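All values reported here derive from a predicted model rather than from experimental measurement.
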Amino acid sequence: MDWQAKADAATRLISKFGQPATLRRAGDPVYDPATGEATATEQVAKAWAVTLNYDARRIDGSLIQSGDREILLSVPAFAPEPGDVIACGVDLLRVVRADAVAPAGVPVLYTAQGRAA
């Protein structure tokens with residue numbers, strides 16, 4: 001099975017029905033001994049995303065809270081992790097949980113739980 005072709009198809013569908021998204025991850029500060037200052041680094045990756053409301057039956061108030069969004073994310077340059085922020089339209093969503101849909105170890109798309117950042 002050509003899983004890269006499946007990933008490409010997933011990206012086409014997400015871009016058709018979703019919107020552009022930016023995945024941001026704060027990095028560790030980098031100390032510059034010449035200036036004596038630390039500068040923050042950040043990883044940024046572009047992707048496509050579809051955001052969905054969770055069905056009311058899945059909202060338990062603990063793991064999934066009211067206002068959380070389910071995010072279907074095309075494969076960005078790096079995998080989303082808890083604490084990352086996804087900017088999608090006017091929403092800024094902090095990743096609570098993220099999972100790869102990766103048959104045979106090849107990521108086809110990511111599902112994430114996002115909470116207002």
Side-chain angles (χ1 to χ4, degrees):
M1 175 86 33
D2 184 0
W3 292 110
Q4 186 56 52
K6 301 295 184 194
D8 294 342
T11 297
R12 277 194 306 277
L13 288 170
I14 291 172
S15 66
K16 181 176 180 178
F17 296 105
Q19 56 189 326
T22 304
L23 176 63
R24 296 183 181 277
R25 176 176 300 152
D28 294 329
V30 176
Y31 177 73
D32 183 351
T35 63
E37 295 182 9
T39 55
T41 60
E42 180 180 63
Q43 287 181 292
V44 178
K46 300 289 184 184
W48 288 90
V50 173
T51 58
L52 306 164
N53 291 320
Y54 279 102
D55 184 88
R57 293 174 293 196
R58 294 183 63 193
I59 298 172
D60 62 5
S62 178
L63 296 176
I64 300 174
Q65 298 177 5
S66 179
D68 285 0
R69 306 285 304 241
E70 186 172 16
I71 306 163
L72 303 177
L73 190 68
S74 66
V75 179
F78 55 91
E81 295 177 351
D84 292 348
V85 174
I86 298 174
C88 187
V90 297
D91 294 327
L92 280 178
L93 301 166
R94 184 162 312 281
V95 175
V96 175
R97 180 186 54 76
D99 297 304
V101 176
V106 178
V108 173
L109 65 97
Y110 289 91
T111 61
Q113 177 183 348
R115 188 166 289 154

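- L109 and L52 fall within a single hydrophobic cluster, where Ile, Leu, Val, Met, Phe, Trp and Tyr are joined by side-chain heavy atoms under 4.5 Å apart, directly or via other members.
- Between R94 and the options I86, D84, V85, a side-chain contact (heavy atoms from CB on, under 4.5 Å) holds for only V85.
- The CD1 atom of I64 sits 6.5 Å away from atom CZ of R97, with the distance rounded to the nearest 0.5 Å.
- The main-chain N or O of A79 is found under 3.5 Å from a side-chain atom of R25 such that the two form a donor-acceptor pair.
- Residue R58 holds its CZ atom at 12.0 Å from CG of N53, rounded to the nearest 0.5 Å.
- Within the 4.5 Å cutoff, no side-chain heavy atoms of K46 are placed close to those of P20.
- In terms of modelled atom types and a separation under 3.5 Å, the side chain of S74 and the main chain of W48 share a donor-acceptor contact.
- Hydrophobic clustering (ILVMFWY, side-chain heavy atoms < 4.5 Å, transitive): L73 and V44 are in distinct clusters.
- In this structure, CD on Q65 lies 3.5 Å from CZ on R115, to the nearest 0.5 angstrom.
- Between the side chain of T41 and the backbone N or O of D28, at least one donor-acceptor pair lies under 3.5 Å.
- Under a hydrophobic-cluster definition in which Ile, Leu, Val, Met, Phe, Trp and Tyr are linked whenever side-chain heavy atoms come within less than 4.5 Å, directly or via other members, Y110 and F78 are assigned to the same cluster.
- One finds the OH atom of Y54 at 9.5 Å from the CD1 atom of I59 (value rounded to the nearest 0.5 Å).
- Placement of L93 and I14 in two distinct hydrophobic clusters is found when ILVMFWY residues are connected by side-chain heavy-atom separations under 4.5 Å, directly or transitively.
- No continuous path of ILVMFWY side-chain contacts below 4.5 Å connects L72 to F17, so the two sit in separate hydrophobic clusters.
- In this structure, A38 and P29 approach most closely via the heavy-atom pair CB-CB, 4.1 Å.
- Between T39 and D32, the closest side-chain pair of non-hydrogen atoms is not below 4.5 Å.
- Distance alone, capped at 3.5 Å, is enough to place a donor-acceptor pair between the Q113 side chain and the L63 backbone.
- Residues I71 and V50 have side chains not in contact (no heavy-atom distance under 4.5 Å, counting atoms from C-beta outward).
- The two residues P107 and G105 come nearest to each other via the heavy atoms CD-O, 3.5 Å.
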